[in-house]
Amino acid sequence: VRRHLAGWAAFVVVVALLPLALSSDPYLMLLANVMLMFMTLALSWDVVARTGQLSLAHGAFFGLGAYAVAIAHRTWALPPVVGIGVAAVAVGIVALALGVVTLRLRGIYFAIATLAFAEVLRTVALQFPDLTGGTVGISMPPLFAGDRLASYYVIGTIFLLALALSLAVRWSPLHYAVSAIRANESVAQVVGVDVVRVKVALFVASAVLAALAGAFYMPFITHTDPGDAFDIGRSVAALVFPIFGGLYTSAGPVIGTILMRSLEEYLRVTPPWKEGYQVVYGLVIVVAVLFMPRGLLGLGERFGGRWPWRFSR
Amino acid sequence: VEALPQALLFGILRSGLYALTALGLAISLGVIGVVNFAHGEFVMLGAFIGFWLYVLLSGVAGVGPAVSPLVILIGLPLSALALYIVAVGIFRVTLRPVLRQPELNQMLLTFGLSILLVNATSIVLSPQAKDANLAWRFDILDLGFAGVTYARLASFGVSAVLVGATYLLLARSRLGKQMRAVAQNRLGAQVVGIPIDRVYEMAFGLSAALAAAAGLMLVFQTQVSPFLGLGTILKSFSIVVLAGLGNLAGVIWASLLLGIAEQLVSQYVPNGAALRDGLFFVLIFFVLIVRPSGLRR
């Protein structure tokens, strides 16, 4: 445990000092911000997956967080930092309602309901132009007047929260409850795990983190519309990154995000992929489920068991 | 005052394709026990087969006004067969290995397939929506109290026939009985000597063939785009949830309910045409709160 946590402490120091190396290059600085944002999303999705649940709504919580900040700013002129808090609370309540209704049922209901929820939000956002700006979307002034260094530390803090949640679930007694639920819910129930409560609590915490990432995104990008904020692609990214890196770990989502997101940056501007770059996401999911269920970390463990850094356990 | 019978008629006609699409989803869910997130993509592929057939017939072959019925006559067997083969292939290569794995892995796999098919289609063909301006989409048959396009009538007719045939297949044929047996009790079916792997395979193929037929009929009503699967599958989900998972008989009345409700909402509620598209979610959420096992079980 100690060596493991020491590894993470070193990683956090690297993340904190990274801007020293990057701050001269605006593109890399932008990319670093975006990376941390997607790591937050990936880590938070993975926490729900640990209970055996497939959430297809993380992109929607992200979008909801983005809209909440913008609306709070426009309606009450709240500064972004306060708005981010408002967004977190609002999304927490929504996720609680969704979780309480669906998480007492079989896993497929949850997956279906989250997908439907994500899609319906987009429709709703289009239907209430007074509140959301409709198809035109919604804007707000940039965070810290567009200072990428300051925003880096904002999203860095949010990322740390996500990392803390992910590590806490792994290294607290909750880990046993979560693993039991994933293996067999009935058995977990019998041995005394409050299955529904654990699932709902982790789902809400995870949704709030996704919302925080979205609440950061809004003043970072300064404009969004329903098609962008509720893009299903973000829900897909949130699950592809952990799957590629390694499910049910903290290092997996981080590594997966760095590698896959870099690949995406390249494919996006390279014909014939362009917008179809997500085909790689689909392929990665299928191949990973069939041949590498524990992602890169699983491969690493199988073929390089003697590496000094063993993040995965 | 005359609007109500018309609304009901349109609602019923609308529900035909819903039933056809949802029945396939319910079969794969009921028999194999896997949620197929790629079901909407089977619909989408069927629609593209219909579109290209239309292009071929009207452009190269130049059949003129006969193109609408010909698209149906040639397209139905063609798209059903094509998707049957594709689905059986997909089943053997990807789905069969994960049948014994946790539910999360199965769902991830079919969701991954869905994304793969959508984006592969959008790269190979084009992300742009295509429009087959089939004459039946605009030709209207006057029924006295309402005018109905041939497209709607044909979609409903084809759906009714195929859904009816599928129920007959399930009720009467040997294969149908085997499918129902597997759906009720996997182990029991295996014990009495039913080759369940083969039954799975054929059930999955059948469900894709039904989806393809539904997709083909969509060509008459809307634009064809690589992304049409998502909206389609969400409505199918709401129907399957409404009927109760694995309850095949419930699919018909659940489709009628969704179709008629959508029509009523778009006709009588202000700003309804927009709200209509969110109705499926209201249904899912409502059912999950009230009777998660389906409304009539």
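In this text the structure is predicted, and so the values were computed from the model without any measurement. Here is how names work: the chains are called A, B, and so on, in the same order as the sequence lines, proteins then strands, and each is numbered from 1.
Neither the backbone nor the side chain of B/Pro102 comes within contact range of chain A, judged by heavy atoms closer than 4.5 Å. In this structure, the portions of A/Ala49 lying under 4.5 Å from any heavy atom of chain B include both its backbone and its side chain. Of the atoms belonging to A/Ile108, heavy atoms from both backbone and side chain fall under 4.5 Å from chain B. Using a 4.5 Å cut-off between heavy atoms, B/Leu29 contacts chain A through its side chain alone, with no backbone atom that close. For a residue to count as touching a neighbouring chain, one of its non-hydrogen atoms must lie under 4.5 Å from one of that chain's; by this rule B/Gln106 does not touch chain A. Proximity to chain B is limited to the side chain of A/Leu105, based on heavy atoms less than 4.5 angstrom apart. Contact annotation for A/Leu56: only side-chain heavy atoms (C-beta onward) come within less than 4.5 Å of a heavy atom of chain B. Residue B/Val93 touches chain A through its backbone alone, counting heavy-atom pairs closer than 4.5 Å. Neither the backbone nor the side chain of A/Arg122 comes within contact range of chain B; no heavy atoms are under 4.5 Å apart.
Top candidate by heavy-atom pairs under 4.5 Å with chain B, chosen from A/Ala111, A/Gly107, A/Ala183, A/Ala288, is A/Gly107. Counting heavy-atom pairs closer than 4.5 Å to chain B, the top residue among A/Thr123, A/Leu247, A/Leu283 is A/Leu283. Annotation: maximal heavy-atom pairing with chain A below 4.5 Å, among B/Val35, B/Asn105, B/Leu108, occurs at B/Leu108.
The shortest side-chain heavy-atom distance between B/Asp277 and A/Glu119 does not fall under the 4.5 Å cut-off. When side chains are defined from C-beta on, A/Tyr109 does not count as touching B/Ile284, because their heavy atoms never get closer than 4.5 Å.
Contact detail for A/Val286 and B/Leu113: the closest heavy-atom pair is CG2-N, 3.8 Å. The heavy-atom pair separating A/Ala113 from B/Phe281 by the smallest distance is O-CE1, 3.9 Å. A/Arg104 and B/Ile289 get closest at one heavy-atom pair: NH2-O, 3.8 Å. For A/Val279 against B/Asn119, the heavy-atom pair with the smallest separation is N-CB, 3.4 Å.
Note that the CG atom of A/Leu115 and the CG atom of B/Leu234 stand 4.5 Å from one another [nearest 0.5 Å]. Atom CD in B/Glu103 sits 8.5 Å away from atom CD in A/Glu185 (nearest 0.5 Å). To the nearest 0.5 Å, the span separating CG on B/Leu116 from CD on A/Gln278 amounts to 11.5 Å. In this structure, B/Met107 CE and A/Phe110 CZ are separated by 9.0 Å, a value rounded to the nearest 0.5 Å. Rounding to the nearest 0.5 angstrom, the gap separating the CD1 atom in B/Ile115 from the CD1 atom in A/Ile285 is 4.0 Å.
Under a cut-off of 6.0 angstrom, the local environment of CZ in B/Arg198 is sparse, with at most 12 non-hydrogen atoms contributed by other residues, nucleotides or ligands.
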* Are A/Val236 and B/Phe111 close enough, and set up right, to give a side chain to side chain contact (heavy atoms under 4.5 Å, CB included), and what steps lead you there? -> CA-CA 9 Å; A/Val236 178; B/Phe111 190 69; 4.0 Å; yes

